[in-house]
Participant: 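Below is the structure I would like to discuss, written out as structure tokens.
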Amino acid sequence: MGVLRSGFVALAMGLSLPALAGGPGTYSVKGNNGTADTEYAGTLVITQTSKDTFRLNWNIGGDKYVGYAVGDARIMAANFTSSGSSGTALLVEDDAGGYKSIWAFNGETKLGVEIIKPK
């Protein structure tokens with residue numbers, strides 16, 4: 001009850017509360033493949049598999065990507081695979097309870113970016 005009361009007091013005083021932490025959940029994803037006119041959108045489901053590990057399942061336009069990450073709910077280093085291709089991603093929590101991410105397929109020199117927001 002104290003936390004709830006503190007939240008109401010902070011709102012009443014015009015103060016902002018800290019953003020909800022990222023971590024397990026369902027997120028919307030908007031990104032690009034590192035070049036002009038390669039925007040995409042989809043979803044990401046993050047499942048915590050142990051204290052320091054996560055499973056990540058992206059669905060981007062019907063294409064499925066499966067990843068595994070180490071870290072915590074704030075910063076995750078992940079590998080992912082899809083249709084015989086694999087890559088690496090870094091997800092860093094933002095102030096809105098989601099993530100900003102950079103990623104690349106193995107062997108590529110372009111970085112893709114994603115904005116990941118809670119649903």
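Fair warning: this is a prediction, and the values are worked out from it, not measured in the lab. Computed from heavy atoms alone, side chains included, the values below leave out hydrogens, waters and symmetry copies.
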Participant: Under 3.5 Å, which donor-acceptor pairs link side chains of residues 31-39 to any protein atom two or more places apart or in another chain?
Facilitator:
from: Asn32; atom 1: OD1; to: Gly34; atom 2: N; distance (Å): 2.7
from: Thr38; atom 1: OG1; to: Asn33; atom 2: N; distance (Å): 3.0
from: Thr38; atom 1: OG1; to: Thr35; atom 2: O; distance (Å): 2.6

Participant: Checking Asp52 against Val70 for the side chain to side chain contact (heavy atoms under 4.5 Å, CB included) test, could you report, in this order, the C-alpha distance in whole Å, the side-chain angles of both residues, the deciding distance, and whether it holds?
Facilitator: CA-CA 6 Å; Asp52 300 316; Val70 295; 5.8 Å; no

Participant: Any idea which heavy atoms bring Gly98 and Tyr27 closest together, and the distance?
Facilitator: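 Closest approach of Gly98 to Tyr27: CA-CE2, 4.2 Å.
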
Participant: Shared ILVMFWY cluster between Val113 and Val92, side chains joined below 4.5 angstrom?
Facilitator: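 Cluster IDs for Val113 and Val92 match.
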
Participant: Does any non-hydrogen side-chain atom of Phe54 lie less than 4.5 Å from one of Met76?
Facilitator: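 Yes; the side chains approach each other to less than 4.5 Å.
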
Participant: How about Leu44 and Leu56: do any of their side-chain heavy atoms sit closer than 4.5 Å?
Facilitator: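 They are in side-chain contact.
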
Participant: Does one hydrophobic cluster hold both Ile60 and Ile115, with members joined at side-chain heavy-atom distances below 4.5 Å?
Facilitator: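 Result: no, two separate clusters.
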
Participant: Could you report the tightest heavy-atom contact between Asp94 and Gly97, atom names first, then the distance?
Facilitator: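 Scanning both residues, the minimum pair turns out to be OD1-N, 3.3 Å.
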
Participant: Would a distance-only check, ignoring hydrogens and angles, find a side-chain to backbone donor-acceptor pair under 3.5 Å from Ser82 to Lys64?
Facilitator: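 Judged by distance alone, yes, a pair lies under 3.5 Å.
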
Participant: Can you list everything that forms a side chain to side chain donor-acceptor pair (under 3.5 Å) with Thr53? Sequence neighbours excluded, please.
Facilitator: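 In terms of side chain to side chain donor-acceptor pair (under 3.5 Å), with neighbours along the sequence ignored, Thr53 is linked to Thr49, Ser50.
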
Participant: Looking at CG of Asn57 and OG1 of Thr47, how far apart are the two atoms once the value is rounded to the nearest 0.5 Å?
Facilitator: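 Separation between the atoms: 6.5 Å.
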
Participant: Which of parallel (below 30°), tilted (30 to 60°) and perpendicular (above 60°) describes Tyr65 and Phe105?
Facilitator: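 If you compare the ring of Tyr65 with that of Phe105, the planes turn out tilted.
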
Participant: If hydrophobic clusters are built from ILVMFWY residues whose side chains come within less than 4.5 Å, do Ile75 and Leu111 share one?
Facilitator: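 Both belong to a single hydrophobic cluster.
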
Participant: How close do Gly23 and Tyr99 get, heavy atom to heavy atom, and via which atoms?
Facilitator: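 Shortest heavy-atom contact: N-OH, 2.7 Å.
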
Participant: Can you confirm whether Val45 sits close enough to Thr26 that some side-chain heavy atom of one is under 4.5 Å from a side-chain heavy atom of the other?
Facilitator: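 They are in side-chain contact.
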
Participant: Filter on salt bridge (Lys or Arg N to Asp or Glu O under 4.0 Å), then keep only pairs touching residues 67-84, sequence neighbours left out; what's left?
Facilitator: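 The answer is Asp72-Arg74.
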
Participant: Taking only residues two or more places apart in sequence, or in another chain, which ones meet Asn59 in a side chain to side chain donor-acceptor pair (under 3.5 Å)?
Facilitator: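 Partners of Asn59 by the side chain to side chain donor-acceptor pair (under 3.5 Å) criterion come out as none, since no residue qualifies.
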
Participant: Listed by chain and number, what are the side-chain contact (heavy atoms from CB on, under 4.5 Å) partners of Tyr68, not counting sequence neighbours?
Facilitator: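 With neighbours one apart ignored, the set is Arg55, Val66, Asn79.
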
Participant: Hey, could you give me each pair passing side-chain hydrogen bond (donor to acceptor under 3.5 Å, both in side chains) that has a residue in residues 101-116? Not counting sequence neighbours.
Facilitator: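 Qualifying pairs, neighbours excluded: Tyr40-Trp103, Tyr40-Glu114, Trp58-Glu114, Ser86-Asn106.
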
